[in-house]
Structure formats: C-alpha cells, structure tokens
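Quick notes on the structure that follows.
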Amino acid sequence: KLLINMGNVSMSYKTKSGPTKILHDINLNIYKDEFVAITGPSGAGKTTLLNLIGLLEKPSGGSYHFMGQPVSSLSGFKLGLIRNRHIGFVFQDFELINDLTIFKNVELPLIYGGISHRQRIQKVTRVLTKLGLSKHLHYLPVQLSGGQQQRVALARAMVTEPALLICDEPTGNLDCQTAEVILSLLEKLHRQGCALVIVTHDMKVAARAKRIIIMENGMIISTKNIISQEEEK
Ligand code: ADP
Ligand code: ADP
C-alpha cells in the first residue's frame, strides 16, 4: 500500500528578494512497510521535505497524496487530524514538554485523538513499559538522561500506533551506545509494520535503512536500495 506519493513536488519560501525555491521536482513513493533514510549535506532540503511528508506544511507545487488523499486540497484542520491519527514524530532534541511528567507527555497525543481516560492509561502504561520506562512514569523530562528522554519521545510517537514514523536526526544528540538502543527500537518498530522515514547525516545510521535517498540543493540526486543479507539468502 502506498503511503506517500509525490509527483514533481516543489517548495518555495517568500524572501525579501522574492520567492526562493527550496525543493525542486521531488518524485517519491513510500510504501507502508518501508524504512527509508534521507541524507545529504546541511541545507540540502531534508527537513523541508520531512515537513512536507509529515503534513506540517503544504507543497507550493506538484502533487502530493498521503494515503490516497490530495494534501493540497485538504484544510489545515483536516491535515491536523490525519497527522495526529497516522503520523508520529521524533526529533533530535526530543521536544518533550518540560513541566509535564513522562506519563503526561506520552498521553498528550491520545488526548488530542479523543481517546478515553481508561484507554489512555492502558496505552501509555503499555508503551512506556515496552520501552523500559515503567519506573519513570512520574518523573519530569529533566530528571532523565538523553537516551531515556529520546525513548519517551519515541513512546509519545508510538502510542497512537501511527502508520508512519518520521524521525529528524533521532540519534543526533546521543552517544553511540544510546544511539544504538534507539536504532534497535526503531528497527523493531519497522518489523512490526510501521513505515519509517529518517533524516540523518550520519551514514552509519542511514545504512540501517532499506532505501537511502540522497539530497543536494533541494533535489533528490540518487536513491540506493539496500538488500539485506537475509533477503539475499
Ligand atoms: P537540511 O535539513 O537539509 O539542512 P533545510 O530543509 O533545513 O535543509 O533547509 C534547506 C534550505 O531552505 C536552507 O537553505 C534553509 O536556509 C532554507 N529554508 C528552510 N526553511 C526556510 C524558511 N521557512 N524560509 C526561508 N528559507 C528556509
Ligand atoms: P494544528 O495544526 O491542529 O495546530 P499541531 O501543530 O498542534 O496541529 O500538531 C498536531 C499534531 O502534529 C500533534 O499532535 C503531533 O502529533 C504532531 N506534531 C506537530 N508538530 C509537532 C512537534 N513539534 N512535536 C511533536 N509532534 C508534533
């Protein structure tokens, strides 16, 4: 099943000297069982593309269908609903709400989604236990290490059981060992059927994906498919 279908998508921003085109002719299909890494130098347009994929912004040109729905003709409100229902986000700097407990941080997307109090308690407890954080439900983010905070962010992204998980430099602020824990969790999530799109400029992280998309100057300049050893056998 096709999740993401972009045809000649472009993105421009208004600047003092007129509109500046940041993305050009992006053609991209992502299916529901994929694990894709987007890489390339700083300023290549990776985050801009991620914001489009994640329905945080609308493209200025071309066509984008998310799960078959034409993004350009949907209202901001409708896009917000689709996003909350189907997409999870993980960022480099975790973006947890610092004056809410771990439990409340993870509960938030379920509140937006109108999930009942009883179900929220069940789902939040389950996902935090799965990620080894059951003892930290009532801690505040500052009381946790970076790796633990990123696991909380992952729990928050997973709790709605999204079809697509979008990660922007998910290991950018973590040491190697902690990064490895997060990467293994992401791979596990992928095996369980969640599509993953990861932006990273760390080639070691990108190499874990099944497809690597390389961007430069607002364009996709190449795509590599990685055939895992398992599949080769
Ligand atoms: P990357 O994530 O690959 O580093 P970005 O997508 O963040 O690249 O940015 C690509 C280019 O778009 C950069 O030159 C950046 O300065 C520019 N850019 C990003 N967002 C805006 C914006 N809101 N207005 C104007 N220019 C922007
Ligand atoms: P709206 O456009 O309705 O104001 P929001 O910008 O509040 O929507 O975002 C709605 C959903 O999108 C959130 O519940 C969350 O899942 C996701 N989202 C958007 N931006 C972020 C972010 N910076 N950090 C985490 N999730 C985000």
**Q.** side-chain hydrogen bond (donor to acceptor under 3.5 Å, both in side chains) involving Thr129 - partner list, sequence neighbours excluded
**A.** none

(Q) According to side chain to side chain contact (heavy atoms under 4.5 Å, CB included), who are the partners of Leu100, at least two apart in sequence or on a separate chain? (A) Ile97, Lys104, Asn105, Leu108

Q.
Please enumerate all residues that pass ring-ring contact (aromatic ring centres under 6.0 Å, His included) together with Tyr139, with sequence neighbours excluded.
A. His136

Q) What pairs with Thr39 under side-chain hydrogen bond (donor to acceptor under 3.5 Å, both in side chains), at least two apart in sequence or on another chain? A) none

Under 3.5 Å, side-chain donor or acceptor atoms of residues 211-222 against the rest of the protein: list the pairs with distances, not counting sequence neighbours.
from	atom 1	to	atom 2	distance (Å)
Arg211	NE	Glu34	OE1	3.1
Arg211	NH2	Asn29	O	2.6
Arg211	NH2	Glu34	OE1	3.1
Arg211	NH2	Glu34	OE2	2.9

Q: Using the test side chain to side chain contact (heavy atoms under 4.5 Å, CB included), find all partners of Ser10 that sit at least two apart in sequence or belong to another chain.
A: Lys21

Would you be so kind as to tabulate the donor-acceptor pairs closer than 3.5 Å made by side chains of residues 64-71, with sequence neighbours excluded?
from	atom 1	to	atom 2	distance (Å)
Tyr64	OH	Ile53	O	2.8

Anything under 3.5 Å between a donor and an acceptor, one on a side chain of residues 181-190, the other on a protein residue two or more places apart or in another chain? List them.
from	atom 1	to	atom 2	distance (Å)
Ser184	OG	Glu180	O	2.7
Ser184	OG	Glu180	OE2	3.3
Glu187	OE1	Arg208	NH2	3.2
Glu187	OE2	Arg208	NE	2.8
His190	NE2	Asp33	O	2.9

Q.
Per the salt bridge (charged side-chain N to carboxylate O under 4.0 Å, His left out) rule, what does the pair list look like for residues 120-141, sequence neighbours excluded?
A. Glu107-Arg120, Lys123-Glu161

Q) Got a sec, which residues hit side chain to side chain contact (heavy atoms under 4.5 Å, CB included) with Ser116, two or more places apart in sequence or on another chain? A) Arg118, Gln119

Q.
If the condition is side chain to side chain contact (heavy atoms under 4.5 Å, CB included), which residues does Ala209 pass it with, not counting sequence neighbours?
A. Phe35, Ala37

Q: Using the test salt bridge (Lys or Arg N to Asp or Glu O under 4.0 Å), find all partners of Glu169 that sit at least two apart in sequence or belong to another chain.
A: none

